[in-house]
A.B. asks: 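Got a structure here, written out as structure tokens. Questions coming.
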Amino acid sequence: MIIYNSATRQREEFVPNNPDIVKMYTCGPTVYHFAHIGNLRSYIMEDILEKYLRFAGYNVKRVMNITDVGHLTSDADEGEDKMLKGARRENKTVMDIARFYTEAFFSDCRKLNIKRPDVVEPATACIDEYIKIIEKLMDTGFAYFSGGNVYFDTSKMEKYYIFNDFNADDLAEGVREGVEADSNKRNKNDFVLWFTKSKFEDQALKWDSPWGVGYPGWHIECSGISMKHLGEDLDIHCGGIDNAFPHHTNEIAQSEAYLGHKWCNYWMHVLHLNTNSGKMSKSSGEFLTVSLLEEKGYDPLAYRLFCLQSHYRKSLVFSWENLDNAVVTFNKLIGKIAALKPENGEYDAAAFDALRAKFSAALDNDLNTSLAVTAIYDVLKAKTTDTTKLAALAEFDKVLSLNLIEKAAAKREADAKAKAAAANVAFAVISEDGEEDKAVEELILARRDAKKAKNFAEADRIRDELKAMGIEVTDIPNGAKWKRV
Ligand code: AMP
Ligand code: ZN
């Protein structure tokens, strides 16, 4: 499998440290609010990576943190703790907020068929881990105590910038725009490992430490949780692209300074979901959630398909029109799968293997999910039995997780019911692909009326009009069925 490694900025063959188990770490949500569908784009693509590794034959151990302390309103250690902000907004305790939004996050994940990682660990459960790492960093001179906080000294790293070659000064200013510089830092990019002093003295959760009562910085939690569950080395670390700097850069600095050797081999970053007005973010206040999609009548899995249709390394623009297009594609696809007859013919192993190989080739190529979706059409067009096609689609769905087989079965059942009901009505208009289009239905009914009135010229004219719209109509007893061609 080829994967793009952000740390080397190259496409590389994926080779795990230990062929028996792939160790994978994912930055989890900051649970001060609902996840927006941009966050969930990252989790969908990471879910595909995990499932594809398993599909390709690897065992995977995947760990994810839940950020319930230490993530300040600026990624550069400035501002208020996001959790406290959430608690104040809702007049609840920090722990209530954490519990509520953690549950909401996993509920959204279930709706999107995102598998729960093997280990999910809240940051507040691993304080001892962070203290152990910070103590060693203090002993070895990578960390210093200043103005009440413990900082990591980035000047001690031979190579601090991993994911970019930016000029350090530009980067520092960009990140801290509009925020006062912290005069306790020796270097602009030094970051807090342990806070005992912040401008917000009412920080809700605090723990004792060798440096005083306080709380951990955001970056240390991911190093601590990863090492606790996955040990001293990691195969793949994932996150959204905004995490590359400073979060992942700082994770690497403190982990490698602590371990004295390389920590993680592959870094996978998912580009952002944007709206026409820019990046979707929780702090901007205007963001879309899975519940909102459902309220508007969308199947969350149509959003999953929408994400799979683009490559994770390209930013993706969300619009209702784009989502509507994904819905049409999804319905057509399910209609075509529903038309396959499960009992039709023998299972053909050679054809199945060839279809599976094509699907794997798409995902082996740096997770080309849009090609993997196209492989579904290859199955539908293949010269093999319906039994083989359904088996191949069930196989693909282990990774794609679009409920292709279940949805097709439900559609088959609904169609059969509709047909039975149609037998009792004067005239039924049936869409073969499950698509709803009022304009098409009205034209088909107008054609029926013209035929009834023996106005065959008008009936033919309407058939031509439908044809020009790309609609093929077939007459059936007591009605007509149509499809887009
Ligand atoms: P947070 O809950 O803010 O810690 O973010 C959770 C995950 O979502 C992280 O991996 C972020 O990098 C990622 N993320 C944040 N905004 C977006 C976005 N607009 N599109 C895709 N991923 C995002
Ligand atoms: Zn993280």
Side-chain angles (χ1 to χ4, degrees), residues 6 24-47 49 62-75 79 81-83 85-86 97-98 101-102 104-106 108-109 112 114 117 120-123 126 130 163 191 216-230 234 236-255 263-264 267-290 303 306-307 310-318:
S6 319
M24 183 172 171
Y25 184 86
T26 303
C27 287
T30 310
V31 285
Y32 74 113
H33 218 318
F34 292 109
H36 57 62
I37 59 171
N39 300 127
L40 291 159
R41 179 192 192 201
S42 288
Y43 294 110
I44 288 171
M45 302 319 285
E46 293 160 1
D47 180 63
L49 173 61
R62 179 162 172 213
V63 176
M64 185 172 86
N65 65 302
I66 298 288
T67 299
D68 55 0
V69 69
H71 193 172
L72 306 193
T73 44
S74 148
D75 284 355
D81 190 309
K82 289 187 180 188
M83 293 302 298
K85 203 174 156 185
I97 290 285
Y101 288 112
T102 302
F105 172 73
F106 285 114
D108 288 345
C109 287
L112 290 163
I114 297 170
V120 174
E121 183 80 279
C126 301
Y130 319 139
F163 302 108
F191 54 92
W218 169 40
H219 315 298
I220 193 71
E221 71 177 73
C222 287
S223 295
I225 292 173
S226 171
M227 287 183 210
K228 175 177 174 188
H229 295 286
L230 297 167
L234 195 55
I236 310 181
H237 193 310
C238 325
I241 189 68
D242 58 318
N243 282 166
F245 186 87
H247 184 49
H248 292 161
T249 306
N250 292 346
E251 278 186 45
I252 296 171
Q254 69 204 0
S255 299
W263 176 48
C264 176
W267 289 82
M268 183 236 197
H269 288 119
V270 180
L271 268 83
H272 278 160
L273 181 82
N274 297 316
T275 59
N276 287 327
S277 50
K279 181 193 147 184
M280 193 173 288
S281 72
K282 290 185 208 177
S283 52
S284 71
E286 198 198 314
F287 60 82
L288 301 176
T289 59
V290 170
Y303 177 67
F306 169 71
C307 291
S310 73
H311 194 257
Y312 76 92
R313 278 204 299 122
K314 288 202 180 111
S315 52
L316 177 60
V317 176
F318 178 85

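Indexing begins at 1, ligand by ligand and atom by atom, following the structure's order.
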A.B. asks: Mark up the atoms of ligand 1 that fall under 4.0 Å of a heavy atom belonging to Pro29, in ascending order.
C.D. replies: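 By the 4.0 Å cutoff, the relevant atoms are 2 (O).
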A.B. asks: What distance do Phe306 atom CZ and Leu316 atom CG have between them, rounded to the nearest 0.5 Å?
C.D. replies: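 Phe306 atom CZ to Leu316 atom CG measures 4.0 Å (nearest 0.5 Å).
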A.B. asks: Out of all atoms in ligand 1, which are within 4.0 Å of some heavy atom of Ser42? Include the element for each.
C.D. replies: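 Close to Ser42: 13 (C), 21 (C), 22 (N), 23 (C).
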A.B. asks: If the test is side-chain contact (heavy atoms from CB on, under 4.5 Å), which one of Gln254, Lys228, Glu221 qualifies with Tyr130?
C.D. replies: Glu221
A.B. asks: Taking the six-membered ring for Trp, are His237 and Trp263 parallel (under 30°), tilted (30 to 60°) or perpendicular (over 60°)?
C.D. replies: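 The rings of His237 and Trp263 stand perpendicular, inter-plane angle above 60°.
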A.B. asks: Decide whether an N or O pair under 3.5 Å exists between Tyr43 and ligand 1.
C.D. replies: no
A.B. asks: So, 2.8 Å as the limit: is an N/O/S atom of His219 located closer than that to the Zn ion (ligand 2)?
C.D. replies: no
A.B. asks: Which word best sums up how the rings of Tyr101 and His33 line up, parallel for under 30°, tilted for 30 to 60°, or perpendicular for over 60°?
C.D. replies: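 Geometry flag for His33 against Tyr101: tilted rings.
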A.B. asks: Does any non-hydrogen side-chain atom of Leu273 lie less than 4.5 Å from one of Tyr303?
C.D. replies: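 Tyr303 vs Leu273: side chains touch.
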A.B. asks: Is there a heavy atom of Val270 sitting under 4.0 angstrom from any atom of ligand 1?
C.D. replies: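 No heavy atom of Val270 comes that close to ligand 1.
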A.B. asks: Roughly how far, to the nearest 0.5 Å, is SG of Cys307 from CE of Met45?
C.D. replies: 7.0 Å
A.B. asks: Between Ser6 (side chain) and Trp267 (backbone), is there a donor-acceptor pair under 3.5 Å?
C.D. replies: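 Pair found, side chain donor or acceptor close to backbone of Trp267.
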A.B. asks: Go through ligand 1 atom by atom and flag the ones less than 4.0 Å from a non-hydrogen atom of Asn243.
C.D. replies: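 Near Asn243, meaning under 4.0 Å from one of its heavy atoms, ligand 1 has 9 (C), 10 (O), 11 (C), 12 (O).
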A.B. asks: Would one find an N or O of Arg41, backbone or side chain, under 3.5 Å from an N or O of ligand 1?
C.D. replies: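 By distance alone, the answer is no.
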A.B. asks: Does Thr67 reach ligand 1, in the sense of a heavy atom lying below 4.0 Å from it?
C.D. replies: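 For ligand 1, residue contact (heavy atoms, under 4.0 Å) with Thr67 is absent.
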A.B. asks: Looking only at distances, please establish whether an N/O atom of ligand 1 is found under 3.5 Å from an N/O atom of Gly38.
C.D. replies: yes
A.B. asks: Polar contacts were defined as any N/O atom of the residue lying under 3.5 Å from an N/O atom of the ligand; does this apply to Lys82 and ligand 1?
C.D. replies: no
A.B. asks: Would you check whether His269 reaches within less than 4.0 Å of ligand 1, judged by its heavy atoms?
C.D. replies: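 False for this residue.
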A.B. asks: Can you find an N/O atom of Leu273 closer than 3.5 Å to an N/O atom of ligand 1?
C.D. replies: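 The answer is yes, given that Leu273 and ligand 1 share an N or O pair closer than 3.5 Å.
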A.B. asks: Answer yes or no: is there a donor N or O on one side and an acceptor on the other, between the side chain of Asn274 and the main chain of Val317, under 3.5 Å?
C.D. replies: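 A pair under 3.5 Å: no.
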A.B. asks: Counting backbone and side-chain atoms alike, is an N, O or S atom of His247 positioned under 2.8 Å from the Zn ion (ligand 2)?
C.D. replies: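 Looking at His247, which is the residue asked about, there is an N, O or S atom under 2.8 Å from the Zn ion (ligand 2).
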A.B. asks: When you compare ligand 1 with Gly240, is there at least one nitrogen or oxygen pair between them that comes in under 3.5 angstrom?
C.D. replies: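 So ligand 1 has an N or O lying under 3.5 Å from an N or O of Gly240.
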A.B. asks: Need the ligand 1 atom indices (1-based, order shown) with element for anything under 4.0 Å from a heavy-atom of Gly239.
C.D. replies: 10 (O)
A.B. asks: Which atoms of ligand 1 are found less than 4.0 Å from any heavy atom of Thr30?
C.D. replies: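 Those qualifying, in numeric order: 1 (P), 2 (O), 4 (O).
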A.B. asks: Within the 3.5 Å criterion, strictly below it, is a donor on His229 or Glu121 matched to an acceptor on the partner's side chain?
C.D. replies: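 Yes, a side-chain donor-acceptor pair sits under 3.5 Å.
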A.B. asks: Contact between Tyr312 and Leu49 at the side-chain level, heavy atoms closer than 4.5 Å - yes or no?
C.D. replies: no
